[in-house]
Amino acid sequence: MAEYTSLEKIRLQKIEQLRLEGVDPYPTRAERTHTNLEAITAFEKAGESAGSELKVTLAGRIRGVRPMGKVSFAHIEDGSGRMQLFFRMNEIGQEQVDKFNKLYDLGDFIQASGILFRTKTGEITLHVRDFKLLAKAVSQLPAAKDETLPDGSVLRHAALEDSELRARQRYADLAVNPEVRETFRIRAATFKAIREFLEEKGFLEVETPVLQPLYGGAAARPFITHHNELEQDMYLRISFELYLKRLLVGNLEKVYEIGRDFRNEGVSYKHNPEFTQLEFYWAYADYLQVMELTEQMISFTAGRVLGSQKIKYQANEIDFSPPWKRLELRTGIRETSGVDIADHPTSESLQKAIVKTGKKPDPKATRGKLIDYLLSEFLEPTLIQPTFLYDYPRDISPLAKSKPDDPMTVERFEAYVAGFELCNAFTELNDPLDQEQRFLEMGRDYAEEDAERHPLDEDYLRAMRYGMPPNGGFGMGMDRLVMLFTNQHSIREVLLFPALRKEGSVGQNRTGNK
RNA sequence: GGGCGCGUAGCUCAACGGCAGAGCAGUGGCCUUUUAAGCCAUUGGUUGAGAGUUCGAAUCUCUCCGCGCUCACCA
């Protein structure tokens with residue numbers, strides 16, 4: 001049972017009062033002839049005098065009220081923007097003006113009909129002849145007040161800023177912070193543009209299982225769940241890779257999937273336990289072709305969504321125009337750390353070389369993990385403009401194909417932007433015997449208790465034995481792309497409902513909702 | 001999980017060992033073109049929870065809850 005604050009109790013009394021007066025505080029239907037933006041556009045298009053003949057019915061949420069005795073001003077906000085309302089005793093009677101002032105509150109949804117006009121100060125305004133409550137708000141929105149300065153800019157006062165409250169109560173955040181709504185519009189537009197690009201290139205969108213009997217395709221710990229009737233444990237997928245590549249065996253030549261991956265790992269500003277991934281696989285292509293498609297896809301998407309190849313991200317301006325810089329991983333590491341990984345074919349030797357630089361890597365790390373360590377310690381922070389790092393060590397890439405002239409190196413690239421990894425791609429391994437060998441190597445190289453070691457997927461090998469065309473594959477965290485496009489530092493800002501600990505018991509913390 | 005920091009009214013924030021405050025929101029009043037409308041009056045708090053130190057705790061200590069930054073793991 002909810003306990004109400006004193007402010008809420010006052011509003012509940014208003015609801016009772018409205019009911020006594022025969023007003024339904026939650027009527028079933030609304031009427032609306034124009035959005036606020038449509039009404040303003042129609043007024044401007046018709047011209048000042050003709051525009052004044054326009055009779056419209058608008059609907060929205062009350063965001064500001066300025067009662068002045070026998071007249072009242074208010075602003076309502078709908079999905080398109082704001083509109084000022086003007087209530088005047090002469091037209092609707094003192095009783096109606098009083099009712100609006102006393103029984104209606106900030107946050108209530110109303111509809112209002114009347115004609116449009118321009119006030120002394122120049123604002124297009126609805127001169128209200130009739131209005132109706134659409135939904136009464138019991139709780140006060142954590143609303144900011146906006147001040148329009150003489151130069152036209154908007155100064156916000158006391159906006160809702162508490163990041164925890166904003167994430168837990170995203171509905172309130174969205175209701176009062178328009179820029180948050182904009183972030184999610186950009187997110188949706190990004191997804192749409194990516195799909196448009198891939199469809200145009202002939203890729204088929206598919207859906208593969210989220211619940212899997214065996215997980216794979218990435219190095220991560222899975223979430224485990226249980227199916228009661230089948231009496232077996234299931235895993236939430238950590239990647240789509242092994243299922244999508246099975247489809248290439250089935251002669252689907254270009255497939256992609258956009259969906260949720262789940263990784264039971266740490267949470268940070270760039271990691272959420274569930275995140276949205278794009279993967280595509282392209283038969284008869286190699287990683288160089290995928291590289292070209294990648295820079296085309298991202299620059300196309302930036303153009304579609306933001307109207308520009310250049311974005312401002314944090315302190316940097318980033319230019320997605322192709323071609324992107326290409327840098328061999330070995331060269332990049334050598335130039336930034338002074339360590340040439342080719343000089344150190346064993347983990348012991350490489351370990352010593354890294355320690356000489358003053359860093360302290362995990363003494364038990366494999367050679368591949370040490371290379372990854374060098375990459376993130378020295379090279380990654382320097383990669384601000386879009387850069388393809390290519391040619392990775394085989395032992396950290398168990399699903400990628402070796403270079404024909406160098407069995408210890410695989411045809412793999414990762415694109416880095418603004419100092420973090422955006423995507424990962426390779427020429428896919430399609431030799432079932434080699435693949436089986438790699439799975440077995442993974443089992444040996446990683447300690448038994450290492451939760452990231454790859455389980456051997458027999459069905460995947462069975463599929464590959466039927467013959468898999470040579471192909472290039474690609475994976476990208478969509479959330480990270482949206483972070484770049486919306487200039488957000490934290491993944492939580494681009495997720496509507498990011499993962500949070502459950503709220504404490506009632507009253508245990510300040511966001512405990514009563 | 002480790003380290004550092006934060007949590008005060010519905011929102012944004014003061015007070016930092018000595019009477020818990022301000023602005024906005026709310027409530028009552030005045031006000032017929034205002035726009036953070038204005039003016040007058042006024043309500044609102046177990047200072048995240050619990051324990052301890054002290055004559056006295058929002059303030060110092062400890063435990064717990066939640067969040068942020070960071071390290072480790074990962075996309």
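Throughout, protein chains are lettered first and strands after them, A, B, ... in sequence-line order, and every chain is numbered starting at 1. It should be emphasised that the depicted structure is a prediction, and the values quoted were computed from it without experimental measurement. These numbers come from the heavy atoms of this one structure, side chains and all, not from hydrogens, waters or symmetry mates.
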| request: Identify whether any heavy atom of Lys14(A) sits under 4.0 Å from a base atom; if not, whether one sits that close to sugar-phosphate; answer base, sugar-phosphate or nothing. | output: sugar-phosphate

| said: Out of the candidates Thr486(A), Ile194(A), Ile186(A), only one should pair with Val305(A) under the side-chain contact (heavy atoms from CB on, under 4.5 Å) rule; please name it. | reply: Ile186(A)

| field | Separation of atom CG in Asp108(A) from atom P in rA25(B), rounded to whole Å | value | 16 Å

| task | Using whole Å, report how far CD of Glu380(A) lies from P of rC73(B). | result | 12 Å

| request: Using a strict 4.0 Å threshold on nitrogen-to-oxygen distance, state whether Asp105(A) and Lys136(A) make a salt bridge. | output: yes

Scan nucleotides 13-15 of chain B against the protein and return all N/O pairs shorter than 3.5 Å with their distances rounded to 0.1 Å.
| from | atom 1 | to | atom 2 | distance (Å) |
| --- | --- | --- | --- | --- |
| rC13(B) | OP1 | Glu161(A) | OE1 | 3.2 |

| field | Rounded distance (nearest 0.5 Å) linking atom CD1 of Ile311(A) with atom CZ of Phe485(A) | value | 6.5 Å

| task | Could you check whether Gln140(A) gets within reach of a base, just the sugar-phosphate, or nothing at all, counting any heavy atom under 4.0 Å? | result | base

| Base, sugar-phosphate, or nothing: which does Lys9(A) touch, judged by heavy atoms less than 4.0 Å apart? | nothing

| query | With a 6.0 Å cut-off on ring centres, are Tyr392(A) and Phe426(A) close enough? | reply | no

| task | May I ask which nucleotide in the shown strands pairs with rA14(B), Watson-Crick or G-U wobble, both distances under 3.5 Å? | result | none

| note | Side-chain atoms of Gln84(A) come closest, of rU33(B), rU34(B), rG29(B), to rU34(B)

| message | How many whole angstroms separate atom CD of Glu164(A) from atom C1' of rC6(B)? | response | 11 Å

| Residue of the set Phe43(A), Phe86(A), Phe73(A) for which ring pair (Phe, Tyr, Trp, His ring centres under 6.0 Å) holds with His127(A) | Phe86(A)

| request: Would you indicate what Ala167(A) reaches in the nucleic acid, counting non-hydrogen atoms under 4.0 angstrom: base, sugar-phosphate, or nothing? | output: nothing

| Mate of rA36(B) where both pairing distances stay under 3.5 Å, Watson-Crick or G-U | none

| task | Give one of base, sugar-phosphate or nothing for Asn272(A), where a contact means two heavy atoms less than 4.0 Å apart. | result | base

| field | Donor + acceptor pair across side chains of Glu257(A), Thr208(A) (<3.5 Å) | value | yes

| request: Describe the nucleic acid contact of Tyr373(A) in one word from base, sugar-phosphate, nothing, applying a heavy-atom distance below 4.0 Å. | output: nothing

| field | Rounded distance in Å - CG (Asp105(A)) to P (rA25(B)) | value | 12 Å

| request: Indicate, with a heavy-atom threshold strictly under 4.0 Å, whether Ser163(A) touches base, sugar-phosphate, or nothing. | output: sugar-phosphate

| request: With heavy atoms under 4.0 Å as the rule, sort Phe86(A) into base, sugar-phosphate or nothing. | output: base

| query | Heavy atoms under 4.0 Å, any strand shown: does Leu106(A) hit a base, just sugar-phosphate, or nothing? | reply | sugar-phosphate

| request: First locate atom CZ of Phe109(A), then atom CD of Glu77(A), and finally report the distance between them rounded to the nearest 0.5 Å. | output: 9.5 Å

| message | Treating primed atoms plus P, OP1 and OP2 as sugar-phosphate and everything else as base, which nucleotides of nucleotides 37-46 of chain B get B, S or - for protein heavy atoms under 4.0 Å? | response | B---------

| request: On the 0 to 90° scale, with breaks at 30° and 60°, tag the Tyr269(A)-His489(A) ring pair as parallel, tilted or perpendicular. | output: parallel

| Would you call Lys102(A) and Glu21(A) a salt bridge, taking side-chain N to carboxylate O under 4.0 Å as the test? | no

| note | The Watson-Crick or G-U wobble partner of rC60(B), with both key distances under 3.5 Å, is rG52(B)

| said: Using a 4.0 Å heavy-atom cut-off, does Leu422(A) contact any base of the nucleic acid, only the sugar-phosphate backbone, or nothing at all? | reply: nothing

| said: Can you check the distance between rU63(B) and rG5(B), where both ends of the measurement are the P atom (answer in whole Å)? | reply: 14 Å

| Quick one: on RNA chain B, does Arg501(A) or Phe275(A) contact a more 5' nucleotide (nearest heavy atom)? | Arg501(A)

| task | Check the distance between rA36(B)'s P and Phe73(A)'s CZ and give it to me in whole angstrom. | result | 13 Å

| said: In this structure, how many angstroms lie between the P atom of rC71(B) and the CD atom of Glu265(A), rounded? | reply: 17 Å

| Is there a donor-acceptor contact under 3.5 Å linking the side chains of Tyr287(A) and Lys401(A)? | no

| remark: Closest to the side chain of Met89(A), out of rU32(B), rC11(B), rG66(B), is rU32(B)

| request: Return yes if a side-chain donor-acceptor contact under 3.5 Å exists between Asn424(A) and Arg412(A), otherwise no. | output: yes

| For the pair made of CG in Asn101(A) and C1' in rU27(B), what is the distance, rounded to whole Å? | 14 Å

| note | The Watson-Crick or G-U wobble partner of rA20(B), with both key distances under 3.5 Å, is none

| request: Could you please name the partner base of rC69(B), counting Watson-Crick and G-U wobble pairs only when both distances are under 3.5 Å? | output: rG3(B)

| request: May I ask you to decide whether Lys369(A) forms a salt bridge with Asp372(A), counting only side-chain N to carboxylate O separations under 4.0 Å? | output: no

| message | Can you measure Lys270(A) atom NZ to rU70(B) atom P for me and round it to whole angstrom units? | response | 10 Å

| query | Quick one: does Asn90(A) reach the base of rU32(B) with a side-chain donor-acceptor pair under 3.5 Å? | reply | yes

| note | By nearest-nucleotide position on RNA chain B, the 5'-leaning member of His127(A) and His157(A) is His127(A)

| remark: Pairing partner of rG44(B), by Watson-Crick or G-U wobble and under 3.5 Å for both distances, is none

| request: Using a 4.0 Å heavy-atom cut-off across all strands, classify Arg63(A) as base, sugar-phosphate, or nothing. | output: nothing

| Options rU70(B), rG29(B), rG26(B), nucleotide nearest the side-chain atoms of Lys102(A) | rG29(B)

